Amino acid sequence: MLPEFLKARLSRRIVAWIFLSIVVIEAVILVPSVYRRERELLGYLRALSAAQAEGILGTQELAQIGHQELLVHLQKIQQNPVVLGGTLYRQDGSLIGSFGQAPQLTAQQIQSGRQDRYWRRQDRYDALWSMSPLEGRYILIIRHDTTQVRQEFFAFIGRVVSLVLVIAIFVTIVTMLGLKRLLIQPVLQLRQDLLKAGAAIHDDADIGALEFASRASLRQDELGDVVTAFDQMFGQITDAIATRKASEARFRMLVSQAADAFFVLDAAGQLTDINQQACDSLGYSREELLSLTIFEIEPTLTQATFEQLWTTLKPGLYLERQGQHRRQDGTHFPVEVRLGMVELGNQPMILALARDITQRKKAEAAMARLAEIGELAAMTVHEVRNPLTTVLLGLRSFQSLDLPERSRQRLSLALEEADRLQRLLSEILLYARQQTLDLVELELNGWISDLAPSIQALPIAEKRILQGVPATEPIYVQADRNKLKQVLINLLTNACEAVSAGDTITWQVEKTPHHQALIRVRNGGEPIPESVLPKLTQPFFTTKPSGNGLGLAITRRIVEAHHGSLTIESSRGGTVVTVSLPALVKSA
């Protein structure tokens, strides 16, 4: 089996490249020596055969014989098995003759500077022989059999190749042993750590408890930088996962504790996720509810309507609709559903937020009933006022008669009660009527200052001191002049009733940094109990013996119609009623 580090593709590639590189380098270095060895073998063959020929021929005889005799005499050198034949030329290059296998090397090639020629495929070698008796007179070219040279040459090549392979294998092994410790093994450890981290992230395991082999040693090189970068990346991933889990936990907690029911639906209308409120409102367990479709929960929803909703909804687009949800026990209740398209797991889903509007429907029904009662009350008041006017006219006609004292007292009491009843009916109509405003621009400082003398002239304000504190700058509001006058008169009248003769009542105008105009009416009377304060603006609640409890209720309705507010504060120092109205912003 291969070592573990050689099973990695990178390791095998490095081994292959190192081995091939060494082989190529050795080949480049040794190929010239191979060819040099071939030339040495050929030269040795030529020298050896020439020396043997001189011993066979006897050089003394060669210098004394003629051309043809010399040619015949040279045939003796074929006794040497490596000599296959030859050709003899005169010094000027003219041919004398050949014996045995004629060489292909010619005298003209010799004269042009070539000394030999080798035919490897034919195992033939033609070479110029230099023999002292022949020099200067003849050119002798001999053909040799190079079978033995070829065998020796290939044997040399085999030794060279073996040497190259041994060197390449040795250097590769030594290099890989070093690379294994310095590079391959750390890379494989880092790979295993990456796979371990990826598996832990995929399985949502506790990644904080993971231990990585690549962290065992701190390297001061590029691979150490990679390990450091891996640590930083893993730390960032760990933080991101922790943040995501915390966010998901908070979101799921909010969803599970939400007052609205959450439903996640796929394209077929199947429920894929819900919150606890959905289970509680419908009376199912989570497992039971997730086995249902939306059509089993909302029977009024048809398949065609759902498909139309699915087509209409887009990310960022929300729709609202009302329907009826059916509980497990078969009962129904009204819901208001807000629908949106979301991407979950790269799949489009519908997120439906359903709110039980049973109480709202009851409140709307109650409001409608109250509206009917209000209209009936207004009609009743209107119908009562007409005969009451007739009764008053009749009672007043009795005042001209000469009646006994007892009858006159009864008549006076009847007239007072009839007048009080008429005022009550008028105030009921004023409270029940929709507040319509004739808005104009008012500057509060000047308007209240102009109004103060007429208020001071009221009987209730007699022997009371009305003191105004205007704002330091003009304050403008949009208001109905007459109705705002009714508010101020009502507040100042109540303040006068709360104090004794000679006491001071203060009204003050000011403006807040948030562009609110404030009108404060302050009296120094007895404090109002805290239990009574919230009830003062309720219809028909009064602390006065002769009051009907509609004055402050009407005042509050007028202020709220101006988009303002009415607050009452009371302590040992007295009572302060504050009217807050939106102030107009005037450009400089």
Side-chain angles (χ1 to χ4, degrees), residues 23-63 65 67 70-91 93 95-168:
V23 169
V24 171
I25 292 172
E26 292 292 331
V28 171
I29 295 173
L30 295 177
V31 163
S33 66
V34 171
Y35 282 101
R36 188 164 55 250
R37 178 59 178 167
E38 183 183 54
R39 299 306 303 175
E40 289 175 355
L41 290 173
L42 293 174
Y44 177 74
L45 176 66
R46 181 175 60 181
L48 182 61
S49 61
Q52 290 176 350
E54 287 185 3
I56 294 173
L57 295 174
T59 56
Q60 188 67 28
E61 297 177 0
L62 298 178
I65 59 178
H67 301 318
L70 177 60
L71 182 62
V72 173
H73 193 65
L74 288 173
Q75 292 180 10
K76 295 179 180 179
I77 62 176
Q78 293 184 83
Q79 297 174 12
N80 188 340
V82 298
V83 176
L84 300 178
T87 301
L88 183 64
Y89 295 92
R90 295 184 182 87
Q91 187 65 35
L95 177 65
I96 295 175
S98 300
F99 59 91
Q101 291 185 14
Q104 296 182 20
L105 183 66
T106 64
Q108 288 76 17
Q109 292 174 332
I110 295 295
Q111 290 174 345
S112 65
R114 187 157 193 172
Q115 299 294 313
D116 58 4
R117 188 171 182 183
Y118 180 38
W119 286 269
R120 291 185 182 85
R121 293 184 178 180
Q122 302 173 11
D123 288 335
R124 298 294 182 263
Y125 176 59
D126 297 343
L128 173 67
W129 272 16
S130 297
M131 299 179 67
S132 56
L134 303 179
E135 287 183 6
R137 298 172 56 200
Y138 299 100
I139 297 174
L140 177 60
I141 301 174
I142 300 299
R143 166 156 283 203
H144 304 80
D145 182 1
T146 59
T147 301
Q148 186 176 0
V149 171
R150 176 172 57 82
Q151 294 173 351
E152 179 64 25
F153 176 70
F154 281 114
F156 178 77
I157 291 177
R159 291 193 297 273
V160 170
V161 170
S162 299
L163 179 62
V164 169
L165 292 177
V166 169
I167 294 174

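As the structure is a computational prediction, the values presented were derived from the model and not from experiment.
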Nearest heavy-atom pair of Ala127 and Arg46: which atoms, and what distance? CB-CD, 3.3 Å
Please report the shortest heavy-atom distance between Gln91 and Ile139, naming the atom on each side. O-CD1, 4.0 Å
State which residues pass side-chain contact (heavy atoms from CB on, under 4.5 Å) with Glu40; sequence neighbours excluded, sorted by chain then number. Arg36, Arg37
How long is the straight-line distance from CG of Leu128 back to CD1 of Ile142, given to the nearest 0.5 Å? 9.5 Å
List the steps, then state whether side-chain contact (heavy atoms from CB on, under 4.5 Å) holds for Ile141 with Ile110. CA-CA 9 Å; Ile141 301 174; Ile110 295 295; 3.8 Å; yes
In terms of heavy-atom contacts, Pro103 and Gly86 come closest through CD-C, 3.6 Å
Calculate, to the nearest 0.5 Å, the distance between atoms CZ and CG belonging to Arg150 and Leu41 respectively. 13.0 Å
Could you go through Glu38 and Thr146, starting from their C-alpha distance and side-chain angles, then the distance that decides it, and tell me whether this counts as side-chain contact (heavy atoms from CB on, under 4.5 Å)? CA-CA 11 Å; Glu38 183 183 54; Thr146 59; over 6 Å; no
Between Arg114 and Asp126, does any NZ, NE, NH1 or NH2 come within less than 4.0 Å of an OD or OE carboxylate oxygen? no
Closest non-hydrogen atoms of Asp145 and Leu45, given as atom of the first, atom of the second and distance, are O-CD2, 4.0 Å
Applying side-chain contact (heavy atoms from CB on, under 4.5 Å), can you list everything that pairs with Gln122, at least two apart in sequence or on another chain? Gln104, Trp119, Arg124
Give the intermediate values and the outcome of side-chain contact (heavy atoms from CB on, under 4.5 Å) for residues Tyr125 and Val149. CA-CA 10 Å; Tyr125 176 59; Val149 171; over 6 Å; no
For the atom pair CZ (Arg143) and CD (Gln78), what is the distance rounded to the nearest 0.5 Å? 12.5 Å
Measure the shortest side-chain to side-chain distance between Tyr89 and Thr106 over non-hydrogen atoms and say whether it is less than 4.5 angstrom. yes
Verify the neighbour count for atom CD of Gln148: are there more than 12 heavy atoms of other residues, nucleotides or ligands below 6.0 Å? no
Could you give the distance from CD (Glu152) to CG (Leu42), rounded to the nearest 0.5 Å? 11.5 Å
Carefully, step by step, assess Trp129 and Ile77 under the rule side-chain contact (heavy atoms from CB on, under 4.5 Å). CA-CA 12 Å; Trp129 272 16; Ile77 62 176; 3.8 Å; yes
Once you round to the nearest 0.5 Å, how far does NZ of Lys76 lie from CD of Gln79? 8.0 Å
